[in-house]
Protein chains: 2
Amino acid sequence: MNIGEIAKRAGVSRSTVSYALSGKRSVSEETRRKIQQVIDELGYRPNASARALANGRTSTIGLVFPPAGNHYTGMQLDFIGSVVEAAAVHDYDVLLSPSGADSDRSFQRLLGERRVDGAILMEIRLEDDRVEHLAELDFPSVAIGRTAHPENGWWVSLDHTALAAACVHHLADLGHRRVAFVNRPEQLLQAGYESAHRGLDGFTKAAAERGLTVRTYCCGDDAASGQACLERILHDDPATTALVTLNEAALGGLYRGLARAGRHVPRDFSVTGVVASRWAETVTPQLTAADVPAEEMGRRAVDLLVERIEQPAAPGRHHLLTPPISLRASTGPATGTSRPGT
Amino acid sequence: MNIGEIAKRAGVSRSTVSYALSGKRSVSEETRRKIQQVIDELGYRPNASARALANGRTSTIGLVFPPAGNHYTGMQLDFIGSVVEAAAVHDYDVLLSPSGADSDRSFQRLLGERRVDGAILMEIRLEDDRVEHLAELDFPSVAIGRTAHPENGWWVSLDHTALAAACVHHLADLGHRRVAFVNRPEQLLQAGYESAHRGLDGFTKAAAERGLTVRTYCCGDDAASGQACLERILHDDPATTALVTLNEAALGGLYRGLARAGRHVPRDFSVTGVVASRWAETVTPQLTAADVPAEEMGRRAVDLLVERIEQPAAPGRHHLLTPPISLRASTGPATGTSRPGT
DNA sequence: CTCCTTGCTCGAACCGGTTCGACACCTCGC
DNA sequence: GCGAGGTGTCGAACCGGTTCGAGCAAGGAG
């Protein structure tokens, strides 16, 4: 069942079998046929470990994401799926590694033990030791998200600043004056997660520009936290008429909170944010939102990574995406006391 | 950066370094210290491919699930997450393989090329060529789900028959007489997916036992299909007062359809089914459902697989789980014309 | 007819680990 | 004082591929 066995049965040397399979040297048509016949008979496939050892490539890429304590969001799911499918197109397998930090054992295994040819990192922080470490080592990697200094890096990222700002402008255009912002959980913000920071930034600046009165909140990644968060919002300022959220997992809870408070969406209260379309379409009314193109991002990340693996000296490349807001049914003109005066 | 380099710098042979690391033969304290010091200095980690080649184990398990066209359900996500975490506990990495059939290229890679020591299969069909093939090869694998002939196999499965029946009994106890069943998509049923078949079976038998009038439907794995399905249900029999669903992804659409039709849940219409708790809690009102213990199932599957890898001769083991129905807010007593006469 | 190229094949070395058998040295018991 | 037994180390072989250099035969050019 190894290459020597094939060689023996085909009456040739091991190297000839190897060349017949790889095509790196010419092999006579007759020999090739004979070898192929033996291979088909025995169902032989070359051992991946041996091949990896010999030519220094594993044909595997690592997908690194934080161990979220079984709290993966729908967006992460979409990324995983699209990365796996895109990698299959390039004949790469995908190894999952639940590592939040440079020092995690699983991360060390991937790199130190050379289990993968390259890595895709998710859930990037503004200052991210994983990204820095990989850059120093010149290890092929692509980030989904970008650090505070993304200039020469390899990454695919949403422009959360612009997206949050677009949500604000959308609401301001509809006449909303008092708007809340629902961010990812407190600990993620404190850890420096880039989407949480840039989203907050974009929201705050755009709101200031439009002269809105705002409050910002952090919210756990689940429905119960969403509901609690919404109660806090209405308690802190009952005149609030709209919110922007980056927190997909809290969405169901936010909606429930609004229903409990007797606020009809979108008549009494508008909701928008940054959410993958298949989740935006799950809630009722369907969410007007900047649709996260997870499938495209995963595919682009893989394409960049493969490119980088195959020519390691190339300069950094990246894609900054700003998907438009899809108008669905969760936002409407402001009514009542908060109608714009000017 | 390889073991020879370490040996040279420590002034010993390669085998001594290997024994110092593995502990399989005794090494003097002094030698061990010297070796460790060199290793620490250089940040050496043994190459995974070389090690896998030498001792025939990759310390990787494969997680095989169908390429759902980027339509992964929340339940699949939960499985993936829990499998990855459980595997990390046993020092295994997880390789994802999007393969629905025995013949898929990615599946062949995993097995033929010996990339993994064992595999966990998801989305099992009643007659599943992957399961049969692996059993014939005596390749260590554990299924999440079970085929039509599960007797000697290794698997972790929900008892969908019992769960669907429990949902029926719950509704019948509340007085519902006309109940619909919302299954996974048509093509999955036709392909023989076990959960769809056994769930349908359990539903149908229990309904007959309780003398209920039922209709059964297949429904796409997304909100729009769920909404369309609900419209069909009410069109086919407007007197329907409850439904049971196995289709988590359609849930949001089913709720939306009910809202559109002016049926209040749970006052006018009861909804229940088999859904992971975190998704059941996302919708409003929260779904009364048999909670899929995805985390536990993933962990048990990994535990079984590791056990099987480590002692290959052991007889088949399995876990059949029947989680209870969690009472939340989506079911209530039947009202109006469909109140039970007897 | 010879020389050179080209096509095809082989043996050997290598990738970076693990493991087996052998051996040198030391200690202990008699 | 000598053999038995244990400890620590080494060299060599092996896992299953890839790749390099060389050799041989056939064919074409001079």
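In this model, no donor atom of one side chain and acceptor atom of the other lie less than 3.5 Å apart for B:Ser15 and B:Ser18. For the 3.5 Å distance criterion, the side chains of A:Tyr19 and A:Arg32 fail to qualify, holding no donor opposite an acceptor. Looking at B:Ser28 and B:Thr31, their side chains do bring a donor and an acceptor atom within 3.5 Å of each other.
Residues passing the ring-ring contact (aromatic ring centres under 6.0 Å, His included) test with B:Trp154: none are found, sequence neighbours excluded. The side-chain hydrogen bond (donor to acceptor under 3.5 Å, both in side chains) test applied to A:Ser97 returns A:Ser99, A:Ser106, not counting sequence neighbours. Residues that satisfy the side-chain contact (heavy atoms from CB on, under 4.5 Å) test with A:Arg300, not counting sequence neighbours, are A:Val156, A:Glu296, A:His319, A:Leu321. Not counting sequence neighbours, B:His197 has no partner by the ring-ring contact (aromatic ring centres under 6.0 Å, His included) test. Under the side-chain hydrogen bond (donor to acceptor under 3.5 Å, both in side chains) criterion, A:Asp303 pairs with A:His90, sequence neighbours left out. Checked against salt bridge (charged side-chain N to carboxylate O under 4.0 Å, His left out), B:Arg109 has the following partners two or more places apart in sequence or in another chain: A:Asp91, A:Asp93. A:Ala10 meets the side-chain contact (heavy atoms from CB on, under 4.5 Å) test with A:Val12, A:Lys34, A:Ile35, A:Val38; sequence neighbours excluded.
Running 5' to 3' along DNA chain D, contacts with non-hydrogen atoms of chain A at under 4.0 Å begin and end at D:dG16 to D:dA22.
Identified under the salt bridge (Lys or Arg N to Asp or Glu O under 4.0 Å) test for residues 42-54 of chain B, with sequence neighbours left out: A:Glu113-B:Arg45.
Residues from residues 11-31 of chain A with heavy atoms under 4.0 angstrom of DNA chain D, sorted by number: A:Arg14, A:Ser15, A:Ser18, A:Tyr19, A:Lys24, A:Arg25. Non-hydrogen atoms lying under 4.0 Å from DNA chain D are contributed by nothing in residues 37-52 of chain B.
A salt bridge links A:Glu307 to A:Arg317: at least one charged side-chain nitrogen sits closer than 4.0 Å to a carboxylate oxygen.
Axis angle across the helix from C:dC1-D:dG30 to C:dC30-D:dG1, with five pairs used at each end and values rounded to 10°: 50°.
Mapped onto DNA chain D by nearest heavy atom, B:Leu53 and B:Arg32 fall at different nucleotides, with B:Arg32 at the one closer to the 5' end.
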